[in-house]
Every structure is written in structure tokens, then in C-alpha cells.
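Reading through the C-alpha cells given below for one structure.
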Amino acid sequence: MVISGKDLLWEAADRGTRTAATLRRTAVTAGGAGLFVLVLWGYSDGTWAACAAAVYVLAEISYRLWDRRRLVEVRIVGGEADGRARLCLRQAGGRMSEHDPHHVARVLIVRDNVVDSAKLRLRLQGKRILYGRPGSPPAVAAWRRACPRADVQERGAHWGMPGIPD
């Protein structure tokens, strides 16, 4: 599939950062827990609620930092000067990077057993694994053509129940 001269290999269903919703949820939870602690502070030991709220806020912050590095779009872009194609990766936080498709070591597409979606795991040579947000299942043949040296695999999720992560 060609879109304005670029081959789309992966596109996540949700490409936004959801910053406002995350901040709103964190603020409401922290405020509610703080109010709960103030009300119960005189009657019982309310420190457990303050600790639970602090743990929740820290977990939300760490999830946000992890989620903004997830891939939302992968394209093959034709090179301008040397004519070699480049792999263009866009992360949820907005960061874009280009890589040589021959430096892709492994591509794993994990298909969901319940709904028609998939998750992407991409490993570049000498680098960590890049995870993609869930999206529609891509064509494996396109990945094999775009990244000829990569080990391209596809499998079903290990867990078949909705809501249980793989």
C-alpha cells in the first residue's frame, strides 16, 4: 500500500498521547485520596490511603513515560540523496527517527485471539526492543520485503481472554 510515496508498515489504532485524560485521572485520584485521608485522619490511621495514592501517582507517571516511547507508526521512506530506503519510526510522544532497514534484527507481530488487532515488537541491531501500540494486523510479506535481513515472525497471543495482556 503506497501513501504519498511512503509505504506504511505499522499504524496503531490510537496515535494520540492522551495527556489530558491521564492528568485528569491522576489529579482526581490524588485529590480524592487526599480528601479521604483528611476526613479519616482524626478517626483512624489514614496513612495507608496516602501511601496508596502516592503509589498510584508514581505508577501512572512511570506508565506515561513508558507509553510515550511506544511506536505508533512505521513507514518505509525513499532516500533523497543516496536512493536507499529508510525506516521511519514515530513514537507516541512525537519523536521520529530514521533507521536503515537492513539494521532491523527482528520483527514480531503478536495477533490478538479475540479481536482483530495486533501488537508489534521491533528489535534493531544492538538496541532494545521497541514496542508498538495495538493496531490493525499488518501484512507480514510487506515487512519481509522492507527488512530483508530481519527475522520476521507472526504468532497468536499466548492468552486468549479479553483484558489479559500478552
Side-chain angles (χ1 to χ4, degrees), residues 1-30 55-159 162-166:
M1 147 170 66
V2 176
I3 299 175
S4 68
K6 301 176 183 181
D7 287 334
L8 181 66
L9 295 175
W10 177 261
E11 187 172 33
D14 181 16
R15 293 180 299 279
T17 57
R18 301 185 301 258
T19 304
T22 302
L23 289 176
R24 188 178 324 114
R25 183 175 59 239
T26 304
V28 167
T29 303
V55 166
Y56 174 77
V57 169
L58 290 176
E60 230 4 278
I61 290 170
S62 62
Y63 175 77
R64 170 80 175 122
L65 291 174
W66 175 76
D67 185 56
R68 67 183 301 207
R69 290 186 307 208
R70 292 173 74 185
L71 297 174
V72 294
E73 188 177 271
V74 179
R75 291 181 181 271
I76 288 288
V77 182
E80 291 88 24
D82 58 1
R84 293 187 65 174
R86 303 291 291 172
L87 193 66
C88 183
L89 309 175
R90 187 165 69 93
Q91 297 175 338
R95 181 172 177 237
M96 293 185 74
S97 60
E98 287 190 4
H99 303 275
D100 186 0
H102 295 285
H103 291 166
V104 176
R106 185 168 192 233
V107 176
L108 177 63
I109 299 164
V110 182
R111 292 186 178 270
D112 194 316
N113 294 332
V114 179
V115 295
D116 188 33
S117 71
K119 295 179 185 173
L120 174 71
R121 295 180 187 164
L122 179 73
R123 180 184 285 278
L124 300 173
Q125 289 178 352
K127 299 200 179 198
R128 60 183 166 76
I129 297 175
L130 299 171
Y131 295 92
R133 281 189 177 168
S136 60
V140 177
W143 278 100
R144 288 192 175 118
R145 272 192 322 274
C147 306
R149 295 184 187 164
D151 176 26
V152 180
Q153 295 180 2
E154 158 179 56
R155 69 168 172 85
H158 292 306
W159 304 97
I164 297 177
D166 185 34

Could you tell me whether the side chain of [Y] reaches within less than 4.5 Å of the side chain of [X], counting heavy atoms only?
X	Y	result
Pro134	Arg70	yes
Pro138	Ile109	yes
Gln91	Arg133	no
Glu73	Leu8	yes
Arg68	Arg64	yes
Cys147	His102	no
Leu9	Leu87	yes
Val74	Trp143	yes

Does the side-chain hydrogen bond (donor to acceptor under 3.5 Å, both in side chains) test come out yes or no for Gln125 and Arg149, once each step is laid out?
CA-CA 11 Å; Gln125 289 178 352; Arg149 295 184 187 164; over 6 Å; no
Chi angles and distances behind the side chain to side chain contact (heavy atoms under 4.5 Å, CB included) call for His99, Val104:
CA-CA 8 Å; His99 303 275; Val104 176; 5.9 Å; no
Here the gap from Arg95 atom CZ to Leu71 atom CG, rounded to the nearest 0.5 Å, amounts to 10.5 Å
Measure the CD-CG distance between Glu60 and Leu65 for me, rounded to the nearest 0.5 Å.
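Result: 11.0 Å between the selected atoms.
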Do you know the tightest heavy-atom contact between Ala85 and Asp100?
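Minimum heavy-atom contact is O-OD1, 4.5 Å.
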Do you know the tightest heavy-atom contact between Ala146 and Pro101?
O-CB, 3.2 Å
Step-by-step side chain to side chain contact (heavy atoms under 4.5 Å, CB included) determination, Arg128 to Arg123
CA-CA 6 Å; Arg128 60 183 166 76; Arg123 180 184 285 278; 5.7 Å; no
With side chain to side chain contact (heavy atoms under 4.5 Å, CB included) as the criterion, how do Ile76 and Arg86 come out once you've worked through the C-alpha distance, each side chain's angles and the decisive distance to 0.1 Å?
CA-CA 6 Å; Ile76 288 288; Arg86 303 291 291 172; over 6 Å; no
Counting only heavy atoms from other residues, nucleotides and ligands, does the tally under 6.0 Å from CZ of Arg111 exceed 12?
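Result for CZ/Arg111: enclosed.
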With a 3.5 Å distance limit and no angle check, can you tell me whether Arg144 reaches the backbone of Val152 through a side-chain donor-acceptor pair?
yes
Applying the side-chain contact (heavy atoms from CB on, under 4.5 Å) test to Lys127, which of Leu124, Ile129, Leu130 qualifies?
Leu124
